[in-house]
Amino acid sequence: MKTVIADKLLYHTPLGGGEFRAEVFLSEEDFESFQNGVDINSLDYGLSGSDIERLSRSIALSFIEKNYRPVLFKEKSLTSLELKAIKEVLGLKSNQFAIVLGLDKGSFSNILSDNREMQHPTQILVMERLGLELSRPGSVKAILEEYPSELKIDLAAKEVIEKVRFAKPAA
C-alpha cells in the first residue's frame, strides 16, 4: 500500500461534490499507474476516515450555503437521499435524528423511505441542525443528550400506541 497526495480528487456525496486535495492510499499496481500519469480518479483508492469526514463536512457546508434560502422560502424540498446524507454528517442513528427533530421513529422512517413528505418547518430545522453542527462540531449530539428522557419515553409510547391502534384483531 502506497500513499500519495491527490491535488484534484473528485469526491461526491448525495449533498454534492467537488475537487479536493487529499492523501489517498493506492495498491502497488495503481501506484505505478499513477506514477505513469494515469488520473487518480480512474484508479481504486482509499481515504482515511478523517479525510472522508473533512470532505463530507466541506460538501455539507457548500450544501447549506447553496440550499438554506431555497428551503426556507419553499423553493426546494429536501430529498430522502439528502436527509440520509445529513444524518450521516451529523453522526446520528435514525432514532436519534428523529428525536432531535421532534418526530417519532415511524414518521421519520416513512420520510426516509419516501412514503411521507417532511413538513416545511421540519425541513428548516434539519438545515439549522446541520448548520449548527458544521459551525460547532458535537452540538447536535449535545442537544440530543439534553432532551428530557420523558420526551424519549413519550415518543416510544406514541409508537406503541400507533402499533396497537392499527393492529389486526386476533382471530
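Throughout, numbering of the chain's residues begins at 1 and tracks the sequence.
Contact of the Glu82 side chain with the Thr79 side chain is registered, since non-hydrogen atoms from C-beta on lie closer than 4.5 Å. The side-chain heavy atoms of Glu117 and Ile111, taken from C-beta on, include no pair separated by under 4.5 Å. A 4.5 Å side-chain heavy-atom check between Arg129 and Ile143 finds at least one atom pair inside the cut-off. Side-chain atoms of Ser77 and Met118, non-hydrogen and from C-beta on, never get closer than 4.5 Å to each other. With contacts defined as side-chain heavy-atom distances shorter than 4.5 Å, the pair Lys93/Gln96 qualifies. When side chains are defined from C-beta on, Leu9 counts as touching Leu47, because their heavy atoms get closer than 4.5 Å. Side-chain atoms of Lys84 and Pro14, non-hydrogen and from C-beta on, never get closer than 4.5 Å to each other. Side chains of Asp51 and Glu23 form a contact here, defined as non-hydrogen atoms less than 4.5 Å apart.
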Does the pair Ser42 and Asp39 meet the rule for a side-chain contact (heavy atoms from CB on, under 4.5 Å), with working shown? CA-CA 6 Å; Ser42 66; Asp39 181 23; 4.3 Å; yes
Candidate pair Ser107 and Asp104, rule side-chain hydrogen bond (donor to acceptor under 3.5 Å, both in side chains), full reasoning: CA-CA 6 Å; Ser107 295; Asp104 62 79; 3.0 Å; yes
Please evaluate residues Ser27 and Asp44 with respect to the criterion side-chain contact (heavy atoms from CB on, under 4.5 Å), reporting the C-alpha separation (whole Å), side-chain torsions for both, the decisive distance (0.1 Å), and the verdict. CA-CA 8 Å; Ser27 67; Asp44 288 332; over 6 Å; no
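Between Leu101 and Phe108 the shortest heavy-atom distance is CD1-CE1, 3.9 Å. Of all the heavy atoms in Val24 and Ala6, the pair that sits closest is CG1-CB, 4.3 Å. Taking every heavy atom of both residues into account, Asp30 and Leu43 meet most closely at O-CD1, 3.5 Å. Between Ile64 and Met127 the shortest heavy-atom distance is CD1-O, 3.3 Å.
A side-chain donor from one of Glu128 and Tyr68 sits under 3.5 Å from a side-chain acceptor of the other. Ser33 and Asn36 share no side-chain donor-acceptor pair at under 3.5 Å.
Taking a 4.5 Å side-chain heavy-atom cut-off between Ile, Leu, Val, Met, Phe, Trp and Tyr, the cluster of Leu81 contains only that residue.
The local environment of CD in Gln119 is sparse, with at most 12 non-hydrogen atoms from other residues, nucleotides or ligands closer than 6.0 Å. Heavy atoms from other residues, nucleotides or ligands lying under 6.0 Å from CZ of Arg57 number more than 12.
The ring of Tyr45 has its center no closer than 6.0 angstrom to the ring center of Phe25.
Using a 4.0 Å cut-off between a side-chain N of Lys or Arg and a carboxylate O of Asp or Glu, Lys2 and Glu29 do not qualify as a salt bridge.
One N or O on the side chain of Glu133 and one on the backbone of Gly138 form a donor-acceptor pair closer than 3.5 Å. A donor-acceptor pair under 3.5 Å is formed between the side chain of Asn41 and the backbone N or O of Lys8. Distance alone, capped at 3.5 Å, places no donor-acceptor pair between the Ser58 side chain and the Arg54 backbone.
With values rounded to the nearest 0.5 angstrom, Lys87 atom NZ is found 11.5 Å from Ser80 atom OG. Interatomic distance, Leu78 CG to Leu83 CG, rounded to the nearest 0.5 Å: 5.5 Å. Between atom CG of residue Leu10 and atom CZ of residue Phe20 there is a gap of 9.5 Å, rounded to the nearest 0.5 Å. Atom CG of Asn95 and atom OG of Ser109 lie 11.0 Å apart (nearest 0.5 Å). Expressed to the nearest 0.5 Å, how far NE2 of His120 lies from CD of Gln123 amounts to 6.5 Å.
Clustering ILVMFWY residues whenever any of their side-chain heavy atoms sit less than 4.5 angstrom apart, transitively, puts Phe73 in the very cluster that holds Phe63. Leu72 and Leu125 fall within a single hydrophobic cluster, where Ile, Leu, Val, Met, Phe, Trp and Tyr side chains are chained together by heavy-atom contacts under 4.5 Å. Linking ILVMFWY residues whenever their side-chain heavy atoms come closer than 4.5 Å, directly or via other members, places Phe31 and Val38 in the same cluster.
For the pairing with Val140, the side-chain contact (heavy atoms from CB on, under 4.5 Å) check across Val89, Leu92, Leu134, Leu130 returns one residue only, Leu92.
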